[in-house]
Amino acid sequence: MTEAEGSWICADGLPRLVLRSGRERSALRRHPWIFSGAVAGVDGAPAPGAMVRVESSEGETLGIGQWSPQSQIRVRMVAFGQDARFSCAARLGAAVAARMPLLSSGETDACRLVNAEADGLPGVVVDKYADWAVCQFNTAGAIALRGEIARRLTELLPLKGIFWRPDADMLRREGVEAKPETLAGAEPPGRIEITENGIRYHVDVREGHKTGFYLDQRENRRIVAGMAAGRDVLNVFSYTGGFGLAALGGGAESALNVDVSAPALALAAENAELNGFSGGRFQCVEGNAFEVLRKYRDSRRDFGMVVLDPPKFADSKGAVQGAARGYKDINLLAMKLLRPGGLLATFSCSGAITPEIFGKIVAEAAVDAGAGFTVLRRLWQAGDHAESLSFPEGLYLKGLLLRRD
Ligand code: SAH
């Protein structure tokens, strides 16, 4: 069925969900989440993921949402206003079209095609790795759309296969369990090769982190590569070697990669070979970054560039204080390892740590390190990890590129 044939859903005729009095503000501001406490009642018992018409307590239609009976976020809005309409096909088409300039630029053959709420498809993540798409459906509403999404994707792009890699933690909040599944075409191989900014990477979409690769750092890997020439780079929290390989591609003298995960480092070594970086220019150290950095500090090692890309230290506002200590510790240690003129690319992917808080933490670390730093650049998630103005939660990755004075 094409769009013109009527795949649009209108608010009329959908089961009605009524908000409590005074709880319509977020829907009026086009924020996509409605929490359980804001819901006064719903007509009948809609199936998980079903579309509902959201009404204010006064009976005004506020839009269309997807019903998540088990989640604290009870409804995800997909369209707003009295005349709200929703078409999964139209949303998907717009999301893919928005990535076409990137894909045809030759910069990469891997990117995020659909970034959930920011692309108007709550809970839906679609990452493209060369000829393969890897999806996550993180809400009941997203799961309900998976068949249509897989079908439409095969119409939009020449894909060999579409794989669903469930995120168990996200799905637990929806009271759902799911196993990995091939939704269309062939099963993906154990390794998919992608090329990003001229560097080749093997991606393991079954066992790797997220859907297999940290696509959100693509632009920052390019920026780091552009500053790396002649430098000895320490790549902390390296995963499968991303920043280290990018730096070598940009002419770095060497890249020393630190990660706690042996499988990630094994793939990093494989990736170094794939790109022909040999002769000891690419090295890996398995260990806890906090301990490894302390050891380097104590033995007075120094570097021309350090990359710090830790995992999410805070997954809620309540965890910010503890996380701040962790961020400050590693940043202080990294700063002490930098020679004057050395560069630090430092990141936080915790949504609860705002850019302002992150800036303060890093500034505190610099005070304790007793050195001045210049901000060369502020860094963000790559543009394909789209962000919506009415959904600020979608901005999670922020970073700073600093030069030690
Ligand atoms: N920069 C990478 C992505 C990093 S993701 C890229 O561009 O692809 C964060 C990494 O931190 C993961 O690989 C995880 O294994 C690693 N990690 C988590 N805790 C760690 C710790 N305490 N010490 C070292 N590595 C850790």
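Whatever order the structure lists them in is the order used to number ligands and atoms, beginning at 1. Computed from a predicted model, the values in this text were never measured in an experiment.
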Check step by step if ring pair (Phe, Tyr, Trp, His ring centres under 6.0 Å) holds for F347 and F243. CA-CA 12 Å; F347 298 94; F243 280 101; 5.5 Å; yes

Can an N or O of [X] be found at a distance shorter than 3.5 Å from an N or O of ligand 1?
X	answer
V260	yes
P310	no
T240	no

Quick one, T240 with Y201, criterion side-chain hydrogen bond (donor to acceptor under 3.5 Å, both in side chains). Give me CA distance, side-chain angles, the key distance, then yes/no. CA-CA 8 Å; T240 56; Y201 297 94; over 6 Å; no

For [atom], what's the nearest protein heavy atom and its distance?
atom	value
atom 2 (C) of ligand 1	D309 OD2, 3.4 Å
atom 13 (O) of ligand 1	D259 OD2, 2.7 Å
atom 19 (N) of ligand 1	P311 CG, 3.7 Å
atom 22 (N) of ligand 1	N288 OD1, 3.3 Å
atom 4 (C) of ligand 1	F237 O, 3.2 Å

As an exercise, identify every atom of ligand 1 less than 4.0 angstrom from a heavy atom of [X].
X	answer
H209	12 (C), 13 (O), 14 (C), 15 (O)
F243	1 (N), 7 (O)
Y214	3 (C), 5 (S), 8 (O)
A289	21 (C), 23 (N), 24 (C)
Y239	2 (C), 3 (C), 4 (C), 8 (O), 13 (O)
S261	15 (O)

Main-chain N/O of L397 paired to Q381 side chain as donor or acceptor, under 3.5 Å: yes

Please check this pair: side chain of R222 against backbone of R218, looking for a donor-acceptor N/O pair closer than 3.5 Å. no

Have a look at Q217, K312, E291, R221 and point out the one with the heavy atom closest to atom 7 (O) of ligand 1. R221

Going by the angle between their ring planes, with limits at 30° and 60°, are Y214 and Y239 parallel, tilted or perpendicular? perpendicular

In terms of relative ring orientation, are F313 and F237 parallel, tilted or perpendicular, with 30° and 60° separating the classes? perpendicular

[X] heavy atom under 4.0 Å from ligand 1:
X	value
A264	no
V258	no
G287	yes

With a cut-off of under 6.0 Å to the ring centre and 45° to the axis, is R23 in cation-pi contact with F35? no

Roughly how far, to the nearest 0.5 Å, is the CD atom of Q66 from the CD1 atom of I34? 11.5 Å

For S68 and E174, what are the C-alpha separation, side-chain angles and deciding distance, and is it a side-chain hydrogen bond (donor to acceptor under 3.5 Å, both in side chains)? CA-CA 7 Å; S68 270; E174 298 276 329; 2.7 Å; yes

